[in-house]
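No experiment lies behind these values; they were computed from the predicted model shown. First listed ligand is number 1; within each ligand, the first listed atom is number 1. What you see below is based on every heavy atom in this structure, not just the backbone, and it leaves out hydrogens, waters and symmetry mates.
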Amino acid sequence: MSLDAGVIAVQGDVSEHADAIRRAAAAHGETAEVTEIRQSGVVPDCDLLCMPGGESSAISRLLQSEGIAPEIRSHVADGKPILATCAGLIVAAADAGDDRVENLELVDVTVQRNAFGRQKDSFEAPLDVTGLGDPFPAVFIRAPLIGDVGEAEVLAAWDGRPVAVRDGPVVGTSFHPELTPDDRIHGLAFFGD
Ligand code: GLN
């Protein structure tokens, strides 16, 4: 039976996540049917979700105006997995310290937007991630800094700073795992390894 996967597609890099979900599913002997989510009523049918990078204020605004935000909260309350990357993590966090972002409070961390610098400061780094064997090639683009980590578990750090966390069914990364051919972060988020 195929898994129903959803990628929040109000804004941000959607097709890359859809491809990574399909590859990670195949690597775990599953298939995934991926739906791009732009309106309410779709999330309740999804087994797993991705919330991509992009611009967190725009994503937050659309999740609220389209009525998708409460559906994402229910998805997590039901224990179903979600991978929130970069701007997605900013929206999923407990607090981003920015009133243009309405935090969904799905991951018990605070974040600071753009703390790793501007577009030109983007970089790639090999990361040791709990649960993965070889280092993961992590791409950082205007990445948020994870500040206070409450109940969440730190899965990876770069330069002494947390950059990947897990809080129950939610995995959050300040980098972009969808921008490399390596689908192991999606595998970790959705299949546990
Ligand atoms: N800087 C963006 C924000 O604050 C996030 C960047 C990204 O997702 N690559 O929303």
Report yes or no: does Asn103 contribute a side-chain atom to a donor-acceptor pair with the main-chain N or O of Ile90 at less than 3.5 Å? yes

State plainly whether the residues Arg22 and Asp19 are in salt-bridge range, i.e. N to O under 4.0 Å. yes

Within the 4.0 Å heavy-atom sphere of ligand 1, strictly under, residues: Gly53, Gly54, Glu55, Ser56, Cys86, Ala87, Ile90, Arg113, Asn114, Ile141, Arg142, His176

Show me the donor-acceptor pairs, under 3.5 Å and distance only, between side chains in residues 51-69 and residues at least two apart or in other chains.
residue	atom	partner	partner atom	Å
Glu55	OE1	Arg142	NH1	3.3
Glu55	OE2	Arg113	NH2	2.6
Ser56	OG	Arg113	NE	3.1
Ser56	OG	Arg113	NH2	3.4
Ser60	OG	Glu102	N	2.8
Ser65	OG	Arg61	O	3.2
Ser65	OG	Leu62	O	3.4

Quiz: residues 37-49 side-chain donor-acceptor pairs under 3.5 angstrom, not counting sequence neighbours:
residue	atom	partner	partner atom	Å
Arg38	NE	Ala9	O	3.4
Arg38	NH2	Glu36	OE1	2.7
Asp47	OD2	Asp4	N	2.7

A side-chain contact here means heavy atoms from C-beta on lying under 4.5 Å apart; do Cys50 and Ile8 qualify? no

Of all residues at least two apart in sequence or in a different chain, which pass the ring pair (Phe, Tyr, Trp, His ring centres under 6.0 Å) check with His28? Phe191

